[in-house]
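What you are looking at is a predicted structure, and each value in this text was computed from that prediction instead of being measured. Values reported hereafter were calculated over all heavy atoms of this structure, with side chains retained and with hydrogens, waters and symmetry mates removed. The first residue in the sequence is number 1, and the count goes up from there.
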Amino acid sequence: MRLTVYGIPNCDTVKKALVWLKQNNLEFDFHDYKKEGISKAKLKEWCSMVNWENVFNMRSSTWRSLAKEGASLPGSATQALALMQANNSVIKRPIIEVNGEIILGFDEKEYFQKLINHS
């Protein structure tokens, strides 16, 4: 089982997830949004697996800044995809791809269930 972790390395939640993965001897590739960006196709793929509202991080400091500047909450997947591609810090972090599905955020119980019990 090979994992791909998408995120930003200085994000505290991503750091926790990476530590957990290493402590549990799980191999993974890391995709850094800041250095590598994110494709519209990848965002569409994720949004086809889970609702775009779960991929779009409304609690991020980037989103709060954009909202203060007058940005309105996306009303559709198309609007959300454009915002996430232009401002990748509003994408939920981390997103882990494994076995054709994704895991959003960091939750030890979910990680254990989906990554340890099914490896």
Side-chain angles (χ1 to χ4, degrees):
M1 173 176 65
R2 189 71 182 183
L3 313 171
T4 302
V5 179
Y6 292 82
I8 298 168
N10 65 348
C11 170
D12 289 339
T13 308
V14 170
K15 287 178 186 176
K16 286 182 208 173
L18 296 180
V19 166
W20 190 93
L21 293 170
K22 289 175 187 172
Q23 287 174 339
N24 286 279
N25 300 314
L26 294 168
E27 292 185 22
F28 59 90
D29 296 312
F30 184 73
H31 180 102
D32 182 344
Y33 294 141
K34 292 298 180 187
K35 289 182 181 175
E36 301 174 62
I38 192 73
S39 71
K40 189 174 185 178
K42 181 56 70 179
L43 290 169
K44 278 184 172 186
E45 179 185 333
W46 291 340
C47 292
S48 73
M49 295 178 188
V50 298
N51 194 308
W52 68 263
E53 289 143 333
N54 294 322
V55 177
F56 191 93
N57 186 0
M58 290 179 241
R59 295 187 337 196
S60 74
S61 58
T62 301
W63 172 246
R64 289 192 301 266
S65 295
L66 289 169
K68 283 181 186 175
E69 293 170 8
S72 57
L73 193 59
S76 69
T78 302
Q79 291 172 340
L81 289 170
L83 265 170
M84 288 187 282
Q85 197 168 19
N87 303 282
N88 52 33
S89 294
V90 301
I91 302 169
K92 181 80 173 177
R93 300 183 299 266
I95 293 181
I96 300 176
E97 289 182 335
V98 59
N99 299 330
E101 64 178 285
I102 58 175
I103 303 170
L104 302 169
F106 176 69
D107 179 325
E108 282 189 74
K109 269 187 180 175
E110 183 179 21
Y111 281 24
F112 186 78
Q113 181 182 35
K114 291 184 177 177
L115 303 175
I116 302 297
N117 286 345
H118 290 99
S119 58

For this session: Examine distances only and state if a side-chain atom of E36 and a backbone atom of D32 form a donor-acceptor pair shorter than 3.5 Å.
Result: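 A pair under 3.5 Å: yes.
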Problem set entry | Check: E110 main-chain N/O paired with D107 side-chain donor or acceptor under 3.5 Å |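 Checked: pair present.
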Problem set entry | Derivation and outcome, side-chain contact (heavy atoms from CB on, under 4.5 Å), residues I116 and Y111 | CA-CA 7 Å; I116 302 297; Y111 281 24; over 6 Å; no
Taking only distance into account, with no hydrogens and no angle test, what donor-acceptor pairs under 3.5 Å do side-chain atoms of residues 46-56 form with protein atoms, sequence neighbours excluded?
from	atom 1	to	atom 2	distance (Å)
W46	NE1	E97	OE2	3.0
S48	OG	E45	O	2.6
N51	OD1	E53	N	3.0
N51	ND2	E53	OE1	3.3

Any side-chain heavy atom of [X] within less than 4.5 Å of one from [Y]?
| X | Y | result |
| --- | --- | --- |
| P9 | V14 | no |
| I96 | F28 | no |
| I8 | I91 | no |
| Y33 | H31 | yes |
| L115 | N24 | no |
| V98 | K114 | no |
| K15 | L18 | no |

Problem set entry | Distance-minimising heavy-atom pair for T13 and P94 |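 In this case the closest contact between T13 and P94 is CG2-CD, 3.8 Å.
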For this session: Can you sort out the partners of D29 under salt bridge (charged side-chain N to carboxylate O under 4.0 Å, His left out), two or more places apart, ordered by chain and number?
Result: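 Salt bridge (charged side-chain N to carboxylate O under 4.0 Å, His left out) check on D29 returns R2.
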Exercise. Quick one: CG on L43 to CD1 on I95, what's the gap to the nearest 0.5 Å?
Worked result: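 Those atoms lie 7.5 Å apart.
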Exercise. Atom CD1 of I38 and atom CG of L81: how far apart are they, to the nearest 0.5 Å?
Worked result: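 Reported to 0.5 Å precision, the distance equals 11.0 Å.
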Exercise. Take atom CD in E27; do more than 12 heavy atoms of anything else shown fall under 6.0 Å from it?
Worked result: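 No, not enclosed.
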For this session: Using the rule that two of Ile, Leu, Val, Met, Phe, Trp, Tyr join whenever any of their side-chain heavy atoms come within less than 4.5 Å, decide whether L26 and V19 are in one cluster.
Result: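 No, because L26 and V19 fall into different hydrophobic clusters, even though each may have its own neighbours under 4.5 Å.
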Exercise. Among pairs that include at least one residue of residues 74-94, which meet salt bridge (charged side-chain N to carboxylate O under 4.0 Å, His left out), considering only residues two or more places apart or in two chains?
Worked result: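 Qualifying pairs, neighbours excluded: none.
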Exercise. With no hydrogens and no angle check, do the side chains of S89 and K34 hold a donor and an acceptor under 3.5 Å apart?
Worked result: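 Result is yes, a qualifying pair exists.
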